[in-house]
Amino acid sequence: MEKKPCCSAGRLPGNNAVHKESAVHKESIEVAHAHKKERAKLVYIPGGTFKMGTEDREGFPSDGEGPVRDVTINSFYMDKSAVTNREFENFVLDTGYVTDAEKFGWSFVFHSFLDEKEKQKAPQATGAPWWVAVEGAAWHHPEGPDSHILERMDHPVVHVSWNDAAAYCRWAGKRLPTEAEWEYAARGGLQQKRYPWGDELMPDGQHMCNIWQGEFPTLNTADDGYMGTAPAKSYAQNGYGLFNMAGNVWEWCKDWFTDQPDQKGGNNNPRGPKFGVRRVTRGGSYLCHESYCNRYRVAVRSSNTPDSSTGNTGFRCVVDINYY
């Protein structure tokens, strides 16, 4: 399948952004144990061996989706859903944390959410002109300084970088999932199915995830009810009780990205390369559709620089089996 640029945009590697938490906040976010309220969000993911990756004709071999290989994963716990605006707000209020988007003073917003004046005055992402670098866009102002999240508190937080996601995890006593853990959990116990629920995108005509309907990037009919993000607990859960493991928002993983099979960490609880430029994202978003990138399949891989933030990227957390 012809490779097309993904429906996310990123900051260029090698910029001068701050890549770690401010020292004044470091102590408050390095918490040894998860808050009690965080425990209720978790579901148990039983360990096992699964076939990771795909060689499906609809896949992107150049993204390193294959080859299919047997991978063994230890048991762990995973958040039922992506971290929400409400939960991220609690973190910020508790720690005073400042996100990368706020430090830069801008983040990428999809063009459909902006008026013509805003589009004209802000630069567009190279190779993905539908992404506009909007001053003042951040997690609490997702379309710019005049927007807010008051009616989206139960939606996934967006405009968070990998650095921001990792900081939240430390505060919550959790961590980001490895790429292998993420895919294993997303499959929900199914083997080599295209989506978390099976091979058919809309079984019995039912929408199973929040993706683009229409012709990307100009016409979104929003037949699934959402132009942008949906609440984090929308649609049916997969076999492990997880929400939205396809579509809605891309989710950061712990691993550095590589498309080289011999660098993916082997077959036993792989952790990916030790070094890299971009971190893995998985799951696709509300901007994915078969008319363009088709990146809402379980095996899809993408990546971005650790300080990048967009209006369609969030995260969820995991903890090891010895958590309790």
**OP:** Answer yes when K264 and E179 have at least one side-chain N-carboxylate O distance shorter than 4.0 Å, and no when they do not.
**Re:** no

Original post:
How many angstroms lie between CD1 in I211 and CG in L287, if you round to the nearest 0.5 Å?
Top reply: 11.0 Å

Original post:
Below 4.0 angstrom, N of the basic side chain to O of the carboxylate: do R282 and E251 qualify?
Top reply: no

Original post:
Given side chains that start at C-beta, do those of T281 and C253 come closer than 4.5 Å, heavy atoms only?
Top reply: no

Original post:
How close do A232 and F243 get, heavy atom to heavy atom, and via which atoms?
Top reply: O-CB, 3.4 Å

Original post:
Does one hydrophobic cluster hold both L114 and L219, with members joined at side-chain heavy-atom distances below 4.5 Å?
Top reply: no

**OP:** Measure from the side-chain N and O atoms of D255 to the backbone N and O of F257, and report whether any donor-acceptor pair falls under 3.5 Å.
**Re:** no

Original post:
Are M208 and L201 side-chain neighbours, meaning at least one heavy-atom pair lies under 4.5 Å?
Top reply: no

**OP:** State whether a side-chain donor-acceptor pair under 3.5 Å links E215 with T218.
**Re:** no

**OP:** For Y97 and Y168, run ring-ring contact (aromatic ring centres under 6.0 Å, His included): C-alpha distance rounded to whole Å, both residues' side-chain angles, the deciding distance at 0.1 Å, then the answer.
**Re:** CA-CA 9 Å; Y97 183 82; Y168 177 96; 9.7 Å; no

**OP:** For the pair E183 (side chain) and A180 (backbone), establish whether a donor and an acceptor sit closer than 3.5 Å, ignoring hydrogens and angles.
**Re:** no

Original post:
Quick one: side chain to side chain contact (heavy atoms under 4.5 Å, CB included) partners of V318, sequence neighbours excluded?
Top reply: F76, M78, R175, P177, E181

Subject >> Smallest separation among heavy atoms of N220 and A222, with atom names >> reply: OD1-N, 2.9 Å

Original post:
Would you say Q191 has more than 12 foreign heavy atoms packed within less than 6.0 Å of its CD?
Top reply: yes

**OP:** Please answer whether the main-chain N or O of L242 pairs with a side-chain N or O of N238 as donor and acceptor at a distance below 3.5 Å.
**Re:** yes

Original post:
Do S308 and S161 meet the criterion of a side-chain donor-acceptor pair at a distance under 3.5 Å?
Top reply: no

**OP:** Working to the nearest 0.5 Å, report the span between OG1 of T84 and CG of D154.
**Re:** 7.5 Å

Subject >> Face-on cation placement of R279 at W256 ring, 6.0 Å and 45° thresholds >> reply: yes

**OP:** Begin with the C-alpha distance, continue with both residues' side-chain angles, and end with the deciding distance and a verdict on side chain to side chain contact (heavy atoms under 4.5 Å, CB included) for Q192 and R187.
**Re:** CA-CA 8 Å; Q192 282 294 289; R187 292 188 178 277; 3.8 Å; yes

**OP:** Decide whether L190 and Y240 are clustered together by the hydrophobic rule: side chain heavy atoms of Ile, Leu, Val, Met, Phe, Trp, Tyr closer than 4.5 Å, transitively.
**Re:** no

**OP:** Measure from the side-chain N and O atoms of W197 to the backbone N and O of E200, and report whether any donor-acceptor pair falls under 3.5 Å.
**Re:** yes

**OP:** Give me the one residue out of M245, H207, Q206 that meets side chain to side chain contact (heavy atoms under 4.5 Å, CB included) with Y235.
**Re:** H207

Original post:
Can W162 and D100 be said to form a side chain to side chain contact (heavy atoms under 4.5 Å, CB included), step by step?
Top reply: CA-CA 9 Å; W162 186 94; D100 277 333; over 6 Å; no

Original post:
Does E143 come within less than 4.0 Å of R152, counting only side-chain N to carboxylate O?
Top reply: yes

Subject >> Steps toward side chain to side chain contact (heavy atoms under 4.5 Å, CB included) verdict (V280, S303) >> reply: CA-CA 4 Å; V280 172; S303 64; 5.5 Å; no

**OP:** Determine, using the 4.5 Å side-chain heavy-atom cutoff (strictly less than), whether V157 and Y226 are members of one ILVMFWY cluster.
**Re:** no

Subject >> N248 side chain vs Y286 backbone, donor-acceptor pair below 3.5 Å >> reply: no

**OP:** Check whether any side-chain heavy atom of I73 sits under 4.5 Å from a side-chain heavy atom of F50, and report yes or no.
**Re:** yes

Subject >> Student check: side-chain heavy atoms of V43 and Y77 closer than 4.5 Å >> reply: no

Subject >> Presence of salt bridge, K193 and D199, under 4.0 angstrom >> reply: yes

Subject >> Evaluation steps, side chain to side chain donor-acceptor pair (under 3.5 Å), between N163 and D307 >> reply: CA-CA 6 Å; N163 298 323; D307 56 6; 5.7 Å; no

Original post:
Are side-chain heavy atoms of T72 and T49 found at a separation under 4.5 Å?
Top reply: yes

**OP:** For H155 and T229, indicate whether the former's side chain and the latter's backbone hold a donor-acceptor pair under 3.5 Å.
**Re:** yes

**OP:** Examine distances only and state if a side-chain atom of H159 and a backbone atom of P142 form a donor-acceptor pair shorter than 3.5 Å.
**Re:** yes

Subject >> Residue pair V319, L42: steps toward the side chain to side chain contact (heavy atoms under 4.5 Å, CB included) verdict >> reply: CA-CA 9 Å; V319 293; L42 296 164; 3.9 Å; yes

Original post:
Do F91 and W139 have their ring centres less than 6.0 Å from each other?
Top reply: no

Original post:
Stepwise, does the side chain to side chain donor-acceptor pair (under 3.5 Å) test hold for N267 with D70?
Top reply: CA-CA 6 Å; N267 302 96; D70 289 331; over 6 Å; no

Original post:
What distance separates T258 OG1 from F275 CZ, expressed to the nearest 0.5 Å?
Top reply: 14.0 Å

Original post:
If you take all heavy atoms of R271 and N269, which pair is closest and at what distance?
Top reply: NH1-O, 3.0 Å

Original post:
Can any side-chain N or O of N244 pair as donor or acceptor with the backbone N or O of A246 at less than 3.5 Å?
Top reply: no

Original post:
Given the rule in the side chain to side chain donor-acceptor pair (under 3.5 Å) test, do S75 and Y44 qualify, once you have shown the distances and angles that lead to the verdict?
Top reply: CA-CA 8 Å; S75 302; Y44 175 70; 3.2 Å; yes

**OP:** Assess R295 against F60: is NZ or CZ under 6.0 Å from the centre of the six-membered ring, and within 45 degrees of the ring's axis?
**Re:** yes

**OP:** Please check if atom CD in E135 has more than 12 non-hydrogen atoms from other residues, nucleotides or ligands closer than 6.0 Å.
**Re:** no

Subject >> Heavy-atom closest contact (G228 atom, N210 atom, distance) >> reply: O-ND2, 2.9 Å

**OP:** Give a yes or no on whether a salt bridge exists between D56 and R297, defined as a side-chain N under 4.0 angstrom from a carboxylate O.
**Re:** no

**OP:** Verify, without hydrogens or angle tests, whether S107 (side chain) and S309 (backbone) share a donor-acceptor contact under 3.5 angstrom.
**Re:** yes

Original post:
Are V134 and M227 connected in a single hydrophobic cluster, I mean Ile/Leu/Val/Met/Phe/Trp/Tyr linked by side-chain heavy atoms less than 4.5 Å apart?
Top reply: yes

**OP:** State yes or no: do Y195 and W250 share one hydrophobic cluster built from I, L, V, M, F, W and Y residues joined by side-chain heavy-atom distances below 4.5 Å, directly or via other members?
**Re:** no

Original post:
Could you give the distance from CZ (F315) to CH2 (W252), rounded to the nearest 0.5 Å?
Top reply: 11.5 Å

Original post:
Do D79 and K41 sit within salt-bridge range, that is, some charged N less than 4.0 Å from a carboxylate O?
Top reply: yes

Original post:
How close do C169 and C317 get, heavy atom to heavy atom, and via which atoms?
Top reply: SG-SG, 3.4 Å

Original post:
Where is the tightest heavy-atom contact between N312 and S285, given as atom of each residue plus distance?
Top reply: ND2-OG, 2.9 Å

Subject >> Donor-acceptor pair, side chain of Y184 and main chain of P46, under 3.5 angstrom >> reply: yes

